[in-house]
Amino acid sequence: MSERSLELELPDGTCLCVPFGATPLDVASKIGPGLARGAVAGAIGGRLVDLREPLSQSGPFRVITARDPEAGEVIRHSAEHVMAAAVKRLWPETQIDVGRSDHSEKFQYDLDVPVRLTPEHFESIEAEMRRIVEAQQPLEREVVEREEAKRLFASLGEELKVSRVDDIDEGAELTLFRNGDFVDLCRGPHVQQTGQIGAFKLTEVGGSYWRGDESNPMLQRIYGVAFSTEKELGLHLERLEQARRRDHRRIGADLDLFWFHAWAPGAPFYLPKGLVLFNTLVAYMRELNLKYGFLEVTAPLLFDVEIFKRSGHYEMFPDMFKIRASGEDAEIGVKPMNCPGHCLIFGSRKRSYRELPLRLAEFSRLHRNERSGTLLGMTRVRAMSQDDAHIYCQPDQVEAEMDRVLRMTAEVYRDLGLSGLEVRVATRPEQYIGEIGDWERAEKRLGDATERAGFSFEWAPGEGAFYGPKIEFHFRDVLGRQWQLGTLQMDMAMPERFDLRYVGADGQEHVPAMMHKAILGSLERFIGIYLEHTAGELPLWLAPVQAQVLPIADRHAEYAGKVCDVLRGSGIRVELDARSETLGYRIRSAETAKIPYILVAGDRELADGTVTVRRRHQKAQTTVGVEEACSTLEEEVKTRGIS
RNA sequence: GCCGACGUAGCUCAGCUGGUAGAGCAGCUGAUUCGUAAUCAGCAGGUCGGCGGUUCGAGUCCGCCCGUCGGCUCCA
């Protein structure tokens, strides 16, 4: 291969030799004019390249067309420019800031617009966008010098953009993309002409701080989605509708699980059925605490804030503690976490190495003064409980304790049917306490333990807690959304801060190692996530009502009541629905309440001492003896059957 | 907290440019006694989120507050 040419390996296996500096569009034209017309980008070695960008390397090459999955991000990126152009046409004084870096799902633009934008403006912006799309404006790529770019943006009154140019590293090549009179600093890639943006829709508008900093003025951010076809847009909107139906706030209200009142923002009321779910989860975690050697405690709810000054939380979260009993000198705080209390328990008497590891678990309700704008149903609350525990051990026991927690974690996620886990090890953040060397050792120990437990993981640099690095478990739900659940964290600060010591085998005092563990995390948040994941169709062992007994007519009510008694005697949560409604009506009522089992009792069942069993969503039924139905349910509860 | 939208019966929503509220479902009562996703009839249910203002008159217009939702933790 000469220096003056590149060798491109095409998807069909053939090799194409092109001159150095040829563009993907040149290559596409060489292959065929139809392909060139349909091209939206090139890809070399899997990396997207703008059609107008000169190629500088050999390798596997593809032309991306509207049919390729990668086309979406190119189309969205170009739609983003079209949107900004449309807004500038409508309000010429608008200054543009920046768009989105990840176009895998949506696009956005931060703009300084002279009007307060509301969704009502979308129609006119979209109409303007449509005009630009229909005009099939070519997107032109241009390489410019830094000073030239600054002069250009200054002449256009784009002060925000001028300052963005200053942010870019010296020596980096600056490129502009133009369509019509719109010009933006941009790396691309972009479609050839705006007509390739098949379908788009603006979705949201909201504020965003200039450079993400709350002390800066606020710009307006418009979000949108774009696809190559109307059909894809339709599918996208359907997915949103599906997510809306699974919204845990809706399910929680429909199934009478929990409720919120304006007088306690961010603090759920658990209704009887919701509390069954909560309590069942706690009972399950208690079972595992016993199995894995965790000892449950309860520390006080209100504390002199001295404890949080000691732990370091007071300094980190100064707004978290805002209670003062009148006439008292001490500032009182409601506890936002359990660890300081557990440290007091550890320090309550002299500790021997013989009682280590000491694993203290607690389910107490915690209160955190989360900012009002961040509250969201059960998933972001101010009052919550965690399946929390703190482990105090000798330094040489840390590995074994990590392994123990990771085994427990794997067991919980398996029992709950949560797959699609992704694990991250989060390292030292900018604000931290302790020594860097200790941090690095702890980070490695966490990574190693994760691998020993059979999880693959990724590093999450700078995302650890201020007191130590942590393992984070992320779970992907059936709709593909990712949620953080459990964590295992090293704590390099608190044992010293609370002056914790144990007497070792050598008769000397030592500082214990400390770890924080939560597997479900906040139970409120977990319940919210799990309801969305399961669409409210909880497995039998967690269902607030496990079975509904339906007598066909009044004359069967007494027998149905007896069936209920038998099931209740075995600990099954059962309800009788003897309303004078048709059977079909009551079946529907039980199905929409997502009750796992419907047991019907009529003349035949009364005569034979049986019930007809209908599993949720299954039309097929079987008739079995009451005792048999009872033991089937008992077995399914016991084994925590998923479905 | 900041930006924006929204707040009408338990739920989902209607209520035009101001003239003192309406539906479906749920609930209750009665009839029906029924074999696997909605039987019929009737009844009841609302300080229109709260407070203040404009007006002869406010669910509707204006202001403040509360709540909920969407967004804000950047990075061509």
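Every chain is numbered from 1, with letters handed out A, B, ... down the list of sequences. What you see is a predicted model; the values in this text were computed from it and never measured.
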Trainee: Using the C1' atom as the reference point in each nucleotide, state the distance between C56(B) and C16(B) in Å, no decimals.
Mentor: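 Their C1' atoms lie roughly 22 Å apart.
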Trainee: Expressed in whole Å, how much space separates the P atoms belonging to C62(B) and U68(B)?
Mentor: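 The answer is 24 Å between these two P atoms.
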Trainee: Please report the closest heavy-atom contact between Leu55(A) and Thr23(A), naming both atoms and the distance.
Mentor: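 Shortest heavy-atom contact: CD1-C, 4.3 Å.
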Trainee: Does a salt bridge link Asp97(A) with Arg164(A), judged by any charged N lying under 4.0 Å from a carboxylate O?
Mentor: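 Salt bridge flag = yes for Arg164(A) with Asp97(A).
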Trainee: For RNA chain B, which ranges pair as stems of 3 or more consecutive Watson-Crick or G-U pairs, with both donor-acceptor distances under 3.5 Å?
Mentor: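 Stems for RNA chain B, defined as runs of 3 or more consecutive pairs: B:1-7 with B:66-72, B:10-13 with B:22-25, B:27-31 with B:39-43, B:49-53 with B:61-65.
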Trainee: Using a cut-off of strictly less than 4.0 Å between a heavy atom of the residue and any atom of RNA chain B, enumerate the qualifying residues of residues 147-161 of chain A by number.
Mentor: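 RNA chain B contact set from residues 147-161 of chain A: Lys161(A).
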Trainee: Any sub-3.5 Å donor-acceptor pair from Asp184(A)'s side-chain atoms to Cys186(A)'s backbone N or O?
Mentor: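 Answer holds: no.
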Trainee: Using the P atom as the point on both nucleotides, what is the distance between G59(B) and U54(B), in whole Å?
Mentor: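 Pairwise P distance, U54(B) against G59(B), rounds to 16 Å.
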Trainee: What's Val205(A) touching, base or sugar-phosphate or nothing? Going by heavy atoms closer than 4.0 Å.
Mentor: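 It contacts base atoms.
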Trainee: Return whichever of Asp184(A) or Leu117(A) has its heavy-atom-nearest nucleotide of RNA chain B closer to the 5' end.
Mentor: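 It is Leu117(A), whose closest nucleotide lies nearer the 5' terminus.
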Trainee: Are Asp166(A) and Arg146(A) close enough for a salt bridge, meaning some N to O gap below 4.0 Å?
Mentor: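 Answer for the salt bridge query: no.
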Trainee: May I ask you to decide whether Arg151(A) forms a salt bridge with Glu148(A), counting only side-chain N to carboxylate O separations under 4.0 Å?
Mentor: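 No, this pair does not count.
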Trainee: Does Glu472(A) offer a backbone N or O that forms a donor-acceptor pair with the side chain of Arg424(A) under 3.5 Å?
Mentor: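 Looks like no, no N/O pair under 3.5 Å.
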Trainee: Just to be sure I understand the rule, does Ser589(A) reach a base, reach only the sugar-phosphate, or reach nothing, if contact means heavy atoms closer than 4.0 Å?
Mentor: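 Since no nucleic acid heavy atom lies under 4.0 Å of Ser589(A), the category is nothing.
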Trainee: Just call it for Gly584(A): base, sugar-phosphate, or nothing, with non-hydrogen atoms closer than 4.0 Å on any strand.
Mentor: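 It contacts sugar-phosphate atoms only.
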Trainee: Across the strands shown, which category fits Leu376(A) at heavy-atom distances under 4.0 angstrom: base, sugar-phosphate, nothing?
Mentor: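 It contacts sugar-phosphate atoms only.
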Trainee: Which part of the nucleic acid, if any, lies within reach of Asp110(A) when heavy atoms closer than 4.0 Å are counted: base, sugar-phosphate only, or nothing?
Mentor: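 No contact.
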Trainee: Do Lys273(A) and Asp256(A) meet the salt-bridge criterion of a basic N to acidic O distance under 4.0 Å?
Mentor: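 Looking at Asp256(A) and Lys273(A), the cut-off is not met.
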Trainee: Report which part of the nucleic acid Gly377(A) touches: base, sugar-phosphate, or nothing (heavy-atom distance under 4.0 Å, all strands).
Mentor: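 Sugar-phosphate contact only.
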Trainee: Using chain A heavy atoms and a threshold of under 4.0 Å, write down where along RNA chain B the contacts begin and end, 5' to 3'.
Mentor: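 Here the contact window of chain A covers G1(B) to A76(B).
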Trainee: Determine the Euclidean distance between corresponding C1' atoms of G35(B) and G49(B); express it in Å to zero decimal places.
Mentor: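 47 Å, rounded to whole Å.
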Trainee: With no hydrogens and no angle check, is any side-chain donor or acceptor of Thr194(A) less than 3.5 Å from a backbone partner on Ile132(A)?
Mentor: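 Such a contact is found between Thr194(A) side chain and Ile132(A) backbone.
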Trainee: Give Thr118(A) one of three labels, base, sugar-phosphate or nothing, depending on what nucleic acid heavy atoms sit under 4.0 Å from its own.
Mentor: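 Contact class for Thr118(A): sugar-phosphate only.
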Trainee: Charged N to carboxylate O below 4.0 Å: is that the case for Glu126(A) and Lys201(A)?
Mentor: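 Result for this pair is no, no salt bridge flagged.
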Trainee: Applying a 4.0 Å non-hydrogen cut-off, can you work out what Gln548(A) is touching in the nucleic acid: base, sugar-phosphate, or nothing?
Mentor: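 Result for Gln548(A) = nothing.
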Trainee: Does Asp181(A) come within less than 4.0 Å of Lys88(A), counting only side-chain N to carboxylate O?
Mentor: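 No, Asp181(A) and Lys88(A) are not salt-bridged.
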Trainee: C1' atom, G30(B) versus A44(B): distance in rounded Å?
Mentor: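 G30(B) and A44(B) have their C1' atoms separated by 14 Å.
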Trainee: For a quick check of understanding: with a heavy-atom distance under 4.0 Å over all strands, which category does Asp554(A) fall into, base, sugar-phosphate or nothing?
Mentor: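 Asp554(A): base contact, heavy atoms under 4.0 Å.
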Trainee: Write down the distance separating the P atoms in A21(B) and U47(B), rounded off to the nearest Å.
Mentor: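 The same atom, P, in both gives a distance of 13 Å.
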Trainee: Taking only residues two or more places apart in sequence or in another chain, which ones pass salt bridge (charged side-chain N to carboxylate O under 4.0 Å, His left out) with Glu173(A)?
Mentor: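 Expected list: Arg141(A).
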Trainee: For the C1' atoms, the ones on C13(B) and on C48(B), what distance do you get once it is rounded to whole angstrom?
Mentor: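 Roughly 14 Å separates the two C1' atoms.
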Trainee: Tell me whether Arg76(A) contacts the main-chain N or O of Ser104(A) through its side chain, where contact means a donor paired with an acceptor under 3.5 Å.
Mentor: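 Between the backbone of Ser104(A) and the side chain of Arg76(A) there is a qualifying donor-acceptor contact (under 3.5 Å).
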Trainee: What contact category does Arg371(A) fall into here, base, sugar-phosphate, or nothing, at under 4.0 angstrom with non-hydrogen atoms?
Mentor: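 Since a base atom lies under 4.0 Å of Arg371(A), the category is base.
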Trainee: When we call it a touch if two heavy atoms are under 4.0 Å apart, what does Gln220(A) touch: a base, just sugar-phosphate, or nothing?
Mentor: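 If one applies the 4.0 Å heavy-atom cut-off, Gln220(A) turns out to touch nothing in the nucleic acid.
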Trainee: Are any of the side-chain nitrogens in Asp554(A) or Arg579(A) under 4.0 Å away from the carboxylate oxygens of its partner?
Mentor: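 No.
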Trainee: Judged by each residue's nearest nucleotide on RNA chain B, which is more toward the 5′ side, Tyr585(A) or Tyr209(A)?
Mentor: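 Upstream on the strand: Tyr209(A).
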Trainee: So if I apply the side chain to side chain donor-acceptor pair (under 3.5 Å) rule between Glu532(A) and each of Arg249(A), Arg245(A), His248(A), Arg250(A), which one comes out positive?
Mentor: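 Exactly one option meets the side chain to side chain donor-acceptor pair (under 3.5 Å) with Glu532(A), and it is His248(A).
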Trainee: Please list, chain by chain and in numerical order, all residues satisfying side-chain hydrogen bond (donor to acceptor under 3.5 Å, both in side chains) with His103(A), sequence neighbours excluded.
Mentor: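 side-chain hydrogen bond (donor to acceptor under 3.5 Å, both in side chains) list for His103(A), sorted by chain: Glu80(A).
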Trainee: Closest approach of Arg100(A) and Tyr223(A), non-hydrogen atoms and distance?
Mentor: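 The answer is NH1-CE2, 3.9 Å.
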Trainee: Check RNA chain B against residues 239-266 of chain A and give the residues with a non-hydrogen atom under 4.0 Å, in numerical order.
Mentor: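 Only Arg249(A), Ala262(A), Pro265(A), Gly266(A) qualify.
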Trainee: So what does His121(A) touch, heavy atoms closer than 4.0 Å: a base, only the sugar-phosphate, or nothing?
Mentor: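 Contact class for His121(A): none.
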Trainee: Report which part of the nucleic acid Arg586(A) touches: base, sugar-phosphate, or nothing (heavy-atom distance under 4.0 Å, all strands).
Mentor: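 Nothing, no heavy atom under 4.0 Å.
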Trainee: Quick one: label Glu463(A) by what it contacts on the DNA or RNA (base, sugar-phosphate, nothing), any heavy atom closer than 4.0 Å.
Mentor: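 Nothing, no heavy atom under 4.0 Å.
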Trainee: For nucleotides U29(B) and G70(B), find the distance between their P atoms and express it as a whole number of Å.
Mentor: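 Straight-line distance between the two P atoms is 39 Å.
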